[in-house]
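Contents: one structure, followed by commentary.
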Amino acid sequence: MEHLKNLLDSIPIAIIAHDLNRRIFYFSRYAEEITGYSREEVIGRDCHSVFPGGFCGSKCSFKSKIVVPSLSKLEYNIKFIDKKGNTKYLEAKVVPIYEGKKIYGVCAVFEDITSDIINEKEVEKITNFHGIIGKTDKMQRLYAQIKNVAKISVPVLILGESGTGKELVANTIHKLSPRKDGPFVAVNCGAIPDSLIESELFGYVKGAFTGATKSKKGRFELAHRGTLFLDEIGDVSPAMQVKLLRAIQTLTFERLGDSKKIRVDIRIISATNKDLSEEILKGNFREDLFYRIAVIPLKIPPLRERKEDIPLLVDHFLKEFAIEFNMDIPEISHPAMEILKRHNWPGNIRELQNVVQYSLVESFESSLGVIEPIHLPKYLLEGQVDHDIVIHKKQKPRKNLDIEKVKEAIENAGGNKVKAAKMLGISRATLYRILAKHKQK
Ligand SMILES: Nc1ncnc2c1ncn2[C@@H]1O[C@H](COP(=O)(O)OP(=O)(O)OP(=O)(O)O)[C@@H](O)[C@H]1O
Ligand SMILES: [Mg+2]
């Protein structure tokens, strides 16, 4: 008998067995290990009084102490709380123990599958949603919202701080929508002077104003059968808001200087980094226009609220730059990554993208291919906020060496950038810096 017990204990399988009154009479060594309970604590006791909620939880066949007669062989997963309070997932096989033809008790053989379940949950998380990078719950929610709003042609208002990816999200909604084969036309309402915005949006006919030598389509017409992205909509003047409201409501408008009505089939997506409710209260934004464009609001979280995504984003940008610069994918050291994780990113993803690019170029000077803290912009190390200066000051290309000359040299060198740098008499780092600066604009 002792031999048999030793044998059972040597087999790396967790077993618990109890009689028909749920009195535990066997608990293997591996069962002790997985559950955290010792034999002394469980043997001879009612399974339900030892383990909170019973060992098998809701799946238990002995809940009411009445034996389920059909009990033959059961397999199920159990969510189990171990002695230390940790949640574990167990896969159990329950078999009856017979004494002759009569059931004497039950035996559960179980395995700890917690890590498999957790990995599965991790795998289910999307890390790259059509080019939008992020694995945090906030981003998972955003992906689900994007998928939903893409299907229907309702107006969406994207809200988010500067650099959070509003345009990227707008573009993704378009790409996943039934209008994907139509145009995606973006208008930065904040960047167009008030005097020009009307002609920019609705177009004009020849002679509409001095200088209108021929007719021109506006963005509303160009977006026909596609999506019109009205970026920085919070910056539109009150006068223009009225016109915009009318055009969005009816999807008809006239070109400047013409009375002919033009009707278009477009989906409107707008974006702003302003708090529009506040702008409404201040009298700067029309409430009726707000309700028209904000049928579905989509909020993009700032990077500081999803810092767990920083390593993923850094990795993504490093790969992107490596492909663009035709070089091996650089690495980033642990201390450098820690600095990036600590920063608060007021400029969000765009700031991170610039920092990665800047540091990559800086890293060429010393340790080729590994970004160290020393390669990061100084303001990150000193905790300052004024980052623009650093990025731009450092990346100033040499006098008389513009991008065209660099491109020409690369072409003459058959695409070999090291050779091109030699031909130009500059270091490889400088060549990359010029390419990087050009790309940044
Ligand atoms: N989640 C993301 N994954 C990968 N790249 C991103 C992500 N979010 C933004 N980007 C990149 O960051 C840059 C800034 O994004 P985008 O222009 O869409 O931001 P924005 O919110 O429109 O900024 P702004 O308010 O300044 O106009 C772009 O190059 C974009 O591709
Ligand atoms: Mg934008």
Ignoring hydrogens and geometry beyond distance, is a side-chain donor-acceptor pair present between [X] and [Y] at under 3.5 Å?
X      : Y      : result
Ser49  : Arg22  : no
Ser38  : Glu41  : yes
Glu308 : Thr136 : no

Quick test of your reading: applying ring-ring contact (aromatic ring centres under 6.0 Å, His included), list the pairs with at least one residue in residues 150-175, sequence neighbours left out, ordered by first then second residue.
His174-Phe184
Regarding Arg225 and Asp181, does a basic nitrogen lie under 4.0 Å from an acidic carboxylate oxygen?
no
Are Glu338 and Lys341 ion-paired here, with the side-chain N under 4.0 Å from a carboxylate O?
yes
Report the relative orientation of the aromatic rings in Phe80 and Tyr37; use parallel for angles under 30°, tilted for 30 to 60°, perpendicular for over 60°.
perpendicular
Using the side-chain hydrogen bond (donor to acceptor under 3.5 Å, both in side chains) criterion, which residues pair with Glu111? Sequence neighbours excluded.
none
Which residues satisfy the side-chain contact (heavy atoms from CB on, under 4.5 Å) test with Glu232, sequence neighbours excluded?
Asn188, Asp235, Asn273
Counting N and O atoms only, with roles assigned by atom type, does the side chain of Arg219 sit under 3.5 Å from a partner on the main chain of Val185, one being a donor and the other an acceptor?
no
Among Glu221, Lys261, Lys216, side chain to side chain contact (heavy atoms under 4.5 Å, CB included) partner for Arg255
Glu221
I'd like to know whether the aromatic ring centres of His343 and Tyr379 sit less than 6.0 Å apart in this structure.
yes
